Amino acid sequence: MLSKYMQPGAKRIASFSKGTIISLKKDNTVFLFVQNKTDVAKNYQCVEKGETVAIATIPANSVAVISYVSKKL
């Protein structure tokens, strides 16, 4: 699944959240891979340079991909 989003030329970005991988493509598309190991859904908020850029609810025991185009990178 990750290879669909992490293609040659994409860069990995540091994250302060465990269970999250962030990938940046050359066109400034950001892909967030978020894992929820708990038995309940979790709300997820992505903040980039102080601005909320994505909000999602991640289902219990799942992995989700959130994507957006960054205007700040």
Side-chain angles (χ1 to χ4, degrees):
M1 175 177 109
L2 292 178
S3 62
K4 178 179 178 181
Y5 303 98
M6 296 193 73
Q7 298 173 350
K11 297 185 182 198
R12 186 169 177 195
I13 299 173
S15 172
F16 295 105
S17 177
K18 289 185 179 182
T20 302
I21 297 174
I22 304 173
S23 173
L24 173 67
K25 289 177 64 177
K26 290 180 182 179
D27 65 357
N28 283 351
T29 301
V30 178
F31 296 100
L32 295 98
F33 305 91
V34 183
Q35 183 178 20
N36 180 3
K37 293 182 178 182
T38 69
D39 291 331
V40 296
K42 283 190 163 187
N43 293 326
Y44 186 86
Q45 179 177 343
C46 178
V47 177
E48 182 180 291
K49 295 186 179 179
E51 180 181 340
T52 299
V53 292
I55 298 172
T57 300
I58 310 304
N61 300 305
S62 67
V63 175
V65 179
I66 302 167
S67 67
Y68 68 94
V69 177
S70 176
K71 296 180 176 113
K72 297 191 178 239
L73 297 176

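Because the structure is predicted, anything quoted here is derived from the model rather than measured.
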Exercise for review: Taking all heavy atoms of Asn61 and all of Lys37, pick out the closest pair and write down the distance.
Suggested key: OD1-O, 3.2 Å
Exercise for review: Consider only side-chain heavy atoms of I, L, V, M, F, W and Y, link residues closer than 4.5 Å, and tell whether Tyr44 and Tyr68 are in one cluster.
Suggested key: yes
Review point. Sequence neighbours excluded, which residues qualify as side-chain contact (heavy atoms from CB on, under 4.5 Å) partners of Ala60?
Key: none
Review point. Taking only residues two or more places apart in sequence, or in another chain, which ones meet Thr38 in a side-chain hydrogen bond (donor to acceptor under 3.5 Å, both in side chains)?
Key: Asn36
Point to revise | Shortest non-hydrogen contact from Gln45 toward Thr52 | key: NE2-OG1, 2.6 Å
**Study point:** From Lys49 atom NZ to Lys71 atom NZ, the distance as rounded to the nearest 0.5 Å
**Key:** 14.0 Å
